[in-house]
S.K.: 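Mind having a look at this structure? Questions to follow.
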Amino acid sequence: MSDSSLLELQNVSFAYGEGENLVSVLENVNFSVLPGQRLALLGRSGSGKSTLMNILAGLLLPEQGSVVWQGTDITRLSDAKRVALRRQTIGVVYQFHHLLPEFSAEENVMLPAMLSGQSVAASTRLAHRLLEQVGLEHRVGARTV
Ligand SMILES: Nc1ncnc2c1ncn2[C@@H]1O[C@H](COP(=O)(O)OP(=O)(O)O)[C@@H](O)[C@H]1O
Ligand SMILES: [Mg+2]
């Protein structure tokens, strides 16, 4: 692994189902992401983009290979450690779902920080900074419709 990578996939393979129903989705995928780099993942519907995203985010474990996040292979961590690492360092912004409808945009973004023990004030500051970074500062109070 190169030391400068933020995230590195090494020989990652994944299949759904088994036997006759086996659907092999990823076969020996390798790539690395550098700090500050922006990548677009393109592919036809069903090509495995969501599966790969779930593996990158630590939500799904590959059957083979390593997912090295800032030097740590997250596939070898305990569930508890992987959850803690995800909560502290990995964010996934979904387009359509997984926002809590009772909460505003600000409160949805604050939630992981609060769950990891940060104060309301610190979580609010963080949420505003993150929303600003993605051009959503004018939507802090917005709710899903
Ligand atoms: N939970 C699942 N069980 C079985 N097959 C699945 C499951 N999720 C996705 N697949 C199949 O895996 C392939 C990749 O799906 P997916 O990662 O959702 O692709 P994409 O996001 O590029 O549309 C598709 O053939 C899809 O039908
Ligand atoms: Mg998808």
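Whatever order the structure lists them in is the order used to number ligands and atoms, beginning at 1. Keep in mind the model is a prediction, meaning the values are calculated, not measured.
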S.K.: Specify the protein heavy atom at minimum distance from atom 16 (P) of ligand 1: its residue, its atom name, and the distance to 0.1 Å.
M.R.: T51 OG1, 3.8 Å
S.K.: Looking at atom 18 (O) of ligand 1, what's its closest protein heavy atom, distance included?
M.R.: S50 CB, 3.8 Å
S.K.: Report, as a single number, the protein N, O or S atoms less than 2.8 Å from the Mg ion (ligand 2).
M.R.: 1
S.K.: Would you say ligand 1 has an N or O under 3.5 Å from any N or O of G46?
M.R.: yes
S.K.: Taking it one step at a time, do E106 and H128 satisfy side chain to side chain donor-acceptor pair (under 3.5 Å)?
M.R.: CA-CA 7 Å; E106 176 191 43; H128 280 242; 2.6 Å; yes
S.K.: Crowded around K81 NZ? As in, over 12 foreign heavy atoms under 6.0 Å?
M.R.: no
S.K.: For atom 19 (O) of ligand 1, which protein heavy atom lies nearest, and how many Å away is it?
M.R.: G48 N, 3.1 Å
S.K.: Provide, to 0.1 Å, the distance between atom 4 (C) of ligand 1 and the closest protein heavy atom, together with that atom's residue and name.
M.R.: Y16 CB, 3.4 Å
S.K.: I need the atoms of ligand 1 closer than 4.0 Å to a non-hydrogen atom of V25, numbered in the order shown.
M.R.: 12 (O), 13 (C), 14 (C)
S.K.: Consider ligand 1: state whether an atom of it lies below 4.0 angstrom from any non-hydrogen atom of G43.
M.R.: no
S.K.: Count the heavy atoms belonging to other residues, nucleotides or ligands that lie under 6.0 Å from CZ of R143, then report whether that count exceeds 12.
M.R.: yes
S.K.: Contact between R44 and ligand 1, counting heavy atoms under 4.0 Å?
M.R.: yes
